[in-house]
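This report concerns only the one structure given below.
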Amino acid sequence: MSAMKDVLEQKVAEACQELFGIEVSIELTRPEEQFGDFATNVALQLSKQVGKNPREIGEELVVKLRETLASEVSDVSVAGPGFINLKLSDVALIGSLKAQPAKSLDGKVVVAEYSNPNAFKAMHAGHLYTSVVGDSIANLMEQAGATVHRVNFGGDVGLHVGKTMWGIIKSLGNEDIDALLAVDLDSPEERAQWLSDRYVEGNNAYEGEAKEEIVEYNKQVYAIHSEDDHDSPFAQIYWTCRQWSYDYFQYFYETINVKPFDKYYPESSTSPIGMAKVKELLEQGVLENSDGAVVFKGENYGLHTRVFQTREGLPTYEAKDLGLIVAKNDDYHFDKSVVITGNDIIEYMKVVLKVVEQFAPELATATKHLTHGLVKMEGGEKMSSRKGNTLGALDVINSAAEAVKQIGDQTEQEDITLGAVKYAFLKQRTGGDIIYDPKESVSLEGNSGPYLQYSHARARSILRKGEAGELNEDASLEAGERSLVRKITEYTEVVDQAVDDLMPHHVCAYLYELAQVFNRFYEGNRVIDDPRQSLRLALVKTYADTLQNGLKLLGIAAPEQM
RNA sequence: GCGCCCGUAGCUCAGUGGAUUAGAGCAUCUGUCUUCGGAACAGAGGGUCGGCGGUUCGAAUCCGUCCGGGCGUACCA
């Protein structure tokens, strides 16, 4: 808890109660520095009720607060239309550096699902984005005291697999596992690319003559699972290629340095669970037969109808997702489940959760669906394989690495590259589309990951030149020092906000401001060989630690030097 | 058609539990500098916050409406 803020809010509320007999809950805001450390507009809110003008109310409150807040505050004043600005004493300000972010999820078990790549297909820039966002959101919840299980869900069955299998078999000439193994590719990336090319072939063929054949392959893939077939040539090809995809996923997550997943749920494993549930819900009348398919009539709830089982008797994504929710709960007995996906399935998810609500309302309410936008190309163009403007997930990293190399020899090349890419994605509010320009987006200066990393490395560099001791709690601060301390004390509030909203961009915006304040301090205030060296070293240390903690929440490394 | 989301400087975006002068970065222009690490710092220009109407002492923020864009809307995921 940011204790100081709570104390002040409490005391301001008490003052309102005593002076005007009105119960109010105070939310202190952070005004611009020139106005003070905290502000409230309570005088404006009370104006009507009290029947006085806001300035007048403000003046009365100020007199009272100067008394009751004497030990915390050095200045209280009324400004503008009636804002009350509070300035903390240096001692109180330094004291509030000790505050820690709230443990609002203490003891909770949380499942975080994100990334969700499909086997037998390539990972594109969107997967990189969702992986980075999901990792950070999971970090935020962990930081707040939750036990977070990171899980991943993806299609190892479904029409896209039928398409890729078609492309594979076409390319090999027949169902021949030896021919597949003879395809001489040694990196996970190359094998994934090979599969992706086969998918594209299958996808094109599906538009034309091969549709029937691909539909048949799709059924055969489901049959591999239901019959536990590991021996037929078709099955051998399938299992081998699925493993190629899984190896590639693992390689990818290691490359982008996100925390590993606890579990990968392949759709083949959630399908049977989902189908069993569909059967049960059909008997209960929650789902119904319609035109040969099994559907949920969402119209009864202001939603739309969605198919859970096709005419062919196959599960749709809806059934698989139903199975996933059941499986996640069986595995983890979660208090909260966070599902992070693109915006395009918002309405879809409402329908699925409405179905869940029919048999397990507590699961539906514990599930939170967070969505993000698309990664679009320069000019706002949507990526499409048809137009050939798709961007592979690792291509983004590679082009950023090139840009980093341009700067010069790097000791921490990877950390900086990933810092640039992750920050570029995370600094925007989760929900909107991201415009990705390979040349411009991954910035290394200004509001960027490397700016933060550089500022951190600089601070650490100073700390190597002199040992930082404890900060003297009774110290009085010069202007530049005070600005830095003030900014650092905002950290806990920002992290709490980011946890409440599950939005990492709050942390980004704050860390950038923090680094700016430090860089200004650095320009104007000598640390080493200055009479105030001891105090300043302690401040630099607190700054560097705070920045490092914040970057950690974003999944970004804070190198000691670069 | 219906539902959901979005429209803030040339570009990319913060700000939307109403409030002190609408903020950043990039780009443009001008400075700082014999660097405790210049991936830096200081400054300038650039905005009818899509339009109109409403609520309010006060609206980028809330409500209505229109315009523009995106997504979804039964057997893809």
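Throughout, protein chains are lettered first and strands after them, A, B, ... in sequence-line order, and every chain is numbered starting at 1.
Nearest to the side chain of H506(A), among rG15(B), rA24(B), rU20(B), sits rG15(B). Here the nucleotide nearest the side chain of P81(A), chosen from rU20(B), rA39(B), rC41(B), is rU20(B). Of the candidate nucleotides rA39(B), rG25(B), rG23(B), rA39(B) has the atom lying nearest to any side-chain atom of P450(A). In the set rC36(B), rG25(B), rU20(B), the nucleotide with an atom closest to the side chain of V527(A) is rC36(B). When the nucleotides rG25(B), rA14(B), rC4(B) are ranked by their closest atom to the side chain of H505(A), rA14(B) comes out on top. Side chain of Y451(A), nearest nucleotide from rC41(B), rC13(B), rA39(B): rC41(B). Here rC36(B) is the nucleotide among rC36(B), rG15(B), rG25(B) with the atom lying nearest to any side-chain atom of R526(A). Distance from the side chain of F35(A) is smallest for rU20(B) among the nucleotides rA39(B), rU20(B), rC36(B).
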What does nucleotides 71-77 of chain B look like as a protein-contact string, B for base, S for sugar-phosphate only, - for none, at under 4.0 angstrom between heavy atoms?
SSSBB-B
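Residues satisfying the salt bridge (charged side-chain N to carboxylate O under 4.0 Å, His left out) criterion with R526(A), sequence neighbours excluded, are absent altogether.
Classification of D545(A) and R460(A) as a salt-bridged pair holds, one side-chain N sitting under 4.0 Å from a carboxylate O. Classification of R55(A) and E59(A) as a salt-bridged pair holds, one side-chain N sitting under 4.0 Å from a carboxylate O.
Using a 4.0 Å cut-off, no side-chain N or O of K427(A) falls inside it from OP1 or OP2 of rG25(B). Look at Q533(A) and you won't find any side-chain N or O under 4.0 angstrom from OP1 or OP2 of rC36(B).
Comparing the same atom, P, in rU55(B) and in rA59(B) gives a spacing of 11 Å after rounding to whole Å.
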Name every donor-acceptor pair, under 3.5 Å, that has one atom in a side chain of residues 43-52 of chain A and the other anywhere in the protein, sequence neighbours excluded.
{"residue": "Q45(A)", "atom": "NE2", "partner": "N41(A)", "partner atom": "OD1", "Å": "3.1"}
{"residue": "S47(A)", "atom": "OG", "partner": "K52(A)", "partner atom": "O", "Å": "2.9"}
{"residue": "K52(A)", "atom": "NZ", "partner": "E60(A)", "partner atom": "OE2", "Å": "2.8"}

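For N343(A) and T371(A), the side-chain atoms include at least one donor-acceptor pair closer than 3.5 Å.
Relative orientation of the F518(A) and Y543(A) rings is parallel, given thresholds of 30° and 60° on the angle between their planes.
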